[in-house]
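If you're wondering where the values come from, they're calculated on a predicted model, not measured in any experiment. Just the heavy atoms: all of them, side chains too, but no hydrogens, waters or symmetry mates, feed the values below.
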Number of protein chains: 2
Amino acid sequence: MAKQTTIHDIAKALGINSSTVSRALNDHPRVSIKTKQKVFEMAKEMNYQPNVLAANLRTKRSNTLGIVVPHISRAFFSNVIAGVEEYAQQKGFNVIIAQSKDMLERERKSVQTLMNSRVDGILISPALGNEDAQHIQEVIDRKTPVFFFDRHYKNIETTRVLMDDQQISAALASNIIQQGAKRFLVLSGDLKTSIYQNRLQGINNMLADYELPEAMVQETNLTYESSSALIEQIVQEGSFEFDAVMAMNDMAALGAQEALKKAGFTIPDQVLISGFSNEMFSRFSSPPITTVDQNGDKLGYMAAKKIIDFIEDPDPIAVEETSTLKSELILRKSSQRYQ
Amino acid sequence: MAKQTTIHDIAKALGINSSTVSRALNDHPRVSIKTKQKVFEMAKEMNYQPNVLAANLRTKRSNTLGIVVPHISRAFFSNVIAGVEEYAQQKGFNVIIAQSKDMLERERKSVQTLMNSRVDGILISPALGNEDAQHIQEVIDRKTPVFFFDRHYKNIETTRVLMDDQQISAALASNIIQQGAKRFLVLSGDLKTSIYQNRLQGINNMLADYELPEAMVQETNLTYESSSALIEQIVQEGSFEFDAVMAMNDMAALGAQEALKKAGFTIPDQVLISGFSNEMFSRFSSPPITTVDQNGDKLGYMAAKKIIDFIEDPDPIAVEETSTLKSELILRKSSQRYQ
DNA sequence: CTGAAAGCGCTAACAA
DNA sequence: TTGTTAGCGCTTTCAG
C-alpha cells in the first residue's frame, strides 16, 4: 500500500490544522470559503482519498447495508439486489451481500458476519422452513435495524416490504376460474413459509367465493424435474382429476406443462396452467405460460429506501410497518382458452 | 447503539491487559491455554462482538472484496456473483457489489466507492464499448489489486479470468458447418468489446479452415426485439442469403428463430441457429436452441480464489496471468439436422 | 472561523 | 507468557 495522503498531510502543506481540513472536506458551515477552496485544491493535487474506515470507527456508522438472500442468482432476488443497489448508491451507501442458500446455519453466519462488519442495517429474506428467529432478534436488540423483504419471520415485529401474494394469487385464480376450471391442483413450496401460505390462501378464498372445492395441494421443491415427475406419477396412477395447475414458480409450471403435454393433454384446452415470478423462459415456452411479475427491483428499491431513510432518521414509530407491493398478472396462452 | 463490550472491558473483568485479550482472541501462539480459555469464556459471557472496523483501520486490511458487474440481475453475472460469494465466505471475506449498467461514469464511481471503502481487491467486468482504463490503472498504482473476469481492458496487464470464447465459438461453428451450413450470419454485440471480437474470430477462423466465406456480421444490442426486427427486415429486402445464424446470446437467437419461423422458414432444415449463454428458456423453445454454457459460478469462484489468494500472499510474478475457463457446448435441435 | 487535544477499538512493536 | 505504549486516520468537543 503506497503511503496515502491524510488530512494531516494536507494540513501541513497548507500550514493549518487537520481539524480544519476535516471540516472543510465535510463542507462544515463554519469554515471560510477561502479555506475550503484551498483545502479542496490541495486535496485534489495530493490525490487525497478519505479513509472511510477511520471515519466509520469514529462516527460508528459505516454507510453500509447488508443484504441476505436465499439465492443470489435467482431472477427475483437478483432483481431485488439490483434495486437495493440502485437506491443505496444514490444515497452513498455500500451494499454487502450474503446468501443463505435457504439454510439456517448459513443465514446465521451471514447475519453474524454482517454485524461484525458493522453494517448500519440489514435487509433479509429468511431461509425457508425455519421459525427460529433468535439470531434476528439479537441483532435488533443491539439496535441495528433489520427489515424483511418478500419473506419474513412472523414473530419479529419490524418493517416488512412484502409482495401482495395473497391478492394476486386470488386474482389469478379468479381469472382461471372464469376460463372454466373447477378442480385446482396447486404445486406449492414448503407450506411453513408465509409466502406459500398466503398464495394458497388467496387461491382457496377465491375458490370458496365461487363455491368450488378447495385446491389439492402438493408440496414440492418447485424444480422442473420434481414437478414433471410428480405430474407423470399422478397421470400414471390415474388419480388425475384436475383441470388447472397453479404452480408457485415458473420452473414447476413448465415441468408440469411438459409432463402433461407428453401424457397427451393439450394446454390450455384440457388443463389450464399458471406459474409465478415471470422468469424469462415462461414467455417463450409453448404455449407461453401465464405468470405473475413480482417486480423484484421495485421491491429492492423500496426496501432500501425504507431502511436507509430509517437509518438516517430513526423514527421508532414507523418501525413496525408492513408495506405491500403490487404484482402484475401476465396472462398468456397457457391459461387463456378464449381470447 | 447500545454500549458494546470491548477488549478492554474483558481485560478489566479478568484483571489482565487488553493486548493479552486481543492476542487470545486471535489465537496467538504465545498465550497460555488457560488465559485463552478464560478470555473466551468471558467474551461469550459479556457477549463480545469484535469491532472489525477498528481492526481494519489498524491492519489496513478489510477482508472485503469489491465486485463490479455491468448488470447484477443478468443470469451470467448473478451466477458469477454467487460463485464469488461462495469462495469469499469460505475465506471469511465480505463481498461488496456495484453495478455499472455498462456506463463508464458509473463504473468510475463504483470503483471510487469501493476504493474509499478500502476493499482489499476489486473484481471487475468492464462496461462495454469503452477503452479508457485510466480509473483502473489508478487503482492498481495504489497497490490495490484489480482482476478482470469475463471482459477486460486490453491495455491493463493484470490477472484475467476469461471464458474460452474464441475456442468454443470455433467449435460451435465447426459443428454447424458439419451440419451443412455454408453462409453464416453473425448477430454480434458491440465489436469494440473483446468477447465479441474473440467469438467472431473463432467463427471466422473455422470458416477459413473449411475454405468458406467470412461470416456476415450485424452489430445489434442483442435483444429479442432488435434481432427479430433485423431478420424480418433482411427477409423483406430479399437480401437473405445465409443458411446459419449464430447469435451471441440466447435472446437474439430466439428473436431470430421466431422471425424466421414467422417468415416461413423451417428450423433447422433451412436455417441453422445457435445462441450463447444457456439462458434457461433456450432449452424450452421450439425447437430448443443450441447454445454455450458459460458456468458463471465457476468463473466467479475461480476469480475470487485468484484474487483472495493473491491478497493473502502477494506474488508479483503471478499477477499478469490469464486463465481461461472452458465453456460447454449445448447442442440442441435448432442446429442439429442429423441426429 | 480555527486550533488543540482526546479518543473510536484494535494491533503490534518492544520490553519485561 | 504478559504488559506497556503508540498509533491507524478521522471527528468532535472545547477553547480561543
Side-chain angles (χ1 to χ4, degrees), chain A residues 1-40 42-43 46-64 92 115-120 142-143, chain B residues 1-40 42-43 46-64 92 115-120 142-143:
Chain A
M1 194 76 68
K3 177 79 178 82
Q4 294 267 359
T5 33
T6 71
I7 51 173
H8 299 106
D9 300 328
I10 299 181
K12 204 174 297 172
L14 253 34
I16 60 177
N17 189 281
S18 60
S19 59
T20 305
V21 175
S22 170
R23 283 190 278 250
L25 257 13
N26 289 311
D27 207 21
H28 189 104
R30 286 202 300 262
V31 176
S32 74
I33 307 257
K34 261 176 63 186
T35 318
K36 275 186 191 169
Q37 249 166 7
K38 281 196 299 182
V39 169
F40 277 112
M42 186 55 76
M46 301 179 74
N47 193 17
Y48 169 75
Q49 300 297 124
N51 188 329
V52 181
L53 253 37
N56 289 346
L57 177 60
R58 190 56 235 252
T59 58
K60 296 179 183 302
R61 276 217 18 206
S62 62
N63 280 279
T64 300
M115 283 305 285
N116 284 349
S117 303
R118 290 295 196 271
V119 296
D120 296 329
R142 273 195 216 112
K143 305 294 178 221
Chain B
M1 195 76 67
K3 176 82 177 79
Q4 295 267 358
T5 35
T6 72
I7 51 172
H8 299 106
D9 301 328
I10 299 181
K12 203 175 296 173
L14 253 33
I16 61 178
N17 191 282
S18 61
S19 62
T20 304
V21 175
S22 171
R23 284 190 277 252
L25 256 15
N26 289 310
D27 206 21
H28 189 103
R30 286 202 301 264
V31 175
S32 74
I33 307 255
K34 260 177 64 186
T35 317
K36 277 186 190 168
Q37 251 167 7
K38 280 195 300 183
V39 169
F40 276 112
M42 185 55 76
M46 301 179 75
N47 193 18
Y48 168 75
Q49 301 295 124
N51 188 329
V52 180
L53 252 38
N56 289 347
L57 177 60
R58 189 59 234 248
T59 59
K60 296 178 182 302
R61 274 210 27 198
S62 61
N63 280 280
T64 300
M115 283 306 285
N116 285 349
S117 303
R118 291 296 195 271
V119 296
D120 296 328
R142 275 196 214 111
K143 307 292 177 221

*Once you round it to whole Å, what is the distance between C1' of dT11(C) and CD1 of Ile7(B)?*
8 Å
_Separation of atom CG in Leu25(A) from atom C1' in dT2(C), rounded to whole Å_ = 15 Å
*Under 4.0 Å between a side-chain N/O of Thr59(B) and OP1 or OP2 of dC8(D), yes or no?*
no
*Considering just the side-chain nitrogens and oxygens of Lys60(B), establish if one lies under 4.0 Å of OP1 or OP2 belonging to dT11(C).*
no
*What's the closest nucleotide to the Ala55(B) side chain, out of dC10(C), dG3(C), dG9(C)?*
dC10(C)
*Would you mind reporting whether Gln4(B) and Gln49(B) have side-chain heavy atoms less than 4.5 Å apart?*
yes
*Test item: Arg142(A) and Asn47(B) side chains (from C-beta on) under 4.5 Å apart, heavy atoms*: yes
*Between Val39(A) and Ile16(A), is any pair of side-chain heavy atoms under 4.5 Å apart?*
yes
*For Lys36(A) and for Asn51(B), find the nucleotide of DNA chain C with the closest heavy atom, then tell me which residue's nucleotide is more 5'.*
Lys36(A)
*Answer with base, sugar-phosphate or nothing: what part of the nucleic acid does Ser19(A) contact at a heavy-atom distance below 4.0 Å?*
base
*By nearest nucleotide on DNA chain D, pick out whichever of Asn17(B) and Leu57(B) is the more 5' one.*
Asn17(B)
*How many Å lie between CZ on Arg118(A) and C1' on dG9(C), as a whole number?*
9 Å
*Pick the nucleotide of DNA chain D nearest each of Ile33(B) and Arg58(B); which residue has the one closer to the 5' end?*
Ile33(B)
_Taking only side-chain N and O atoms of Asn56(A), does any of them lie within less than 4.0 angstrom of OP1 or OP2 on dC8(C)?_
no
*Specify the separation, in whole Å, of atom CD of Gln37(A) and atom P of dC1(C).*
14 Å
_Would the base of dG3(D) count as contacting Arg23(B) through its side chain, where contact means a donor and an acceptor less than 3.5 Å apart?_
yes
*Looking at side-chain heavy atoms only, is the closest gap between Leu57(B) and Asn51(A) below 4.5 Å?*
yes
*Check the distance between dC10(D)'s P and His8(A)'s NE2 and give it to me in whole angstrom.*
7 Å
*Lys38(B) NZ - dT1(D) P separation (whole Å)*: 14 Å
_Touch class at under 4.0 angstrom, heavy-atom based, for Leu53(B) against every strand present_ = nothing
*Report yes if the side chains of Thr20(A) and Leu14(A) come closer than 4.5 Å at any heavy-atom pair, otherwise no.*
no
*asked:* I want to check one thing: is the phosphate of dT2(D), taken as OP1 and OP2, less than 4.0 Å away from some side-chain N or O of Ser32(B)?
replied: yes
*asked:* By nearest atom, which of the nucleotides dC10(D), dG9(C), dT2(D) is closest to the Thr6(A) side chain?
replied: dC10(D)
*Between Lys12(A) (NZ) and dC10(D) (P), how many Å, whole number?*
13 Å
_Side chains of Val52(B) and Arg118(A) in contact at under 4.5 Å (non-hydrogen atoms)_ = no
*Could you state the atom-to-atom distance from NZ of Lys34(A) to P of dC1(C) in whole Å?*
12 Å
*Just checking Ser22(B): base, sugar-phosphate only, or nothing, at a heavy-atom cut-off of under 4.0 Å?*
base
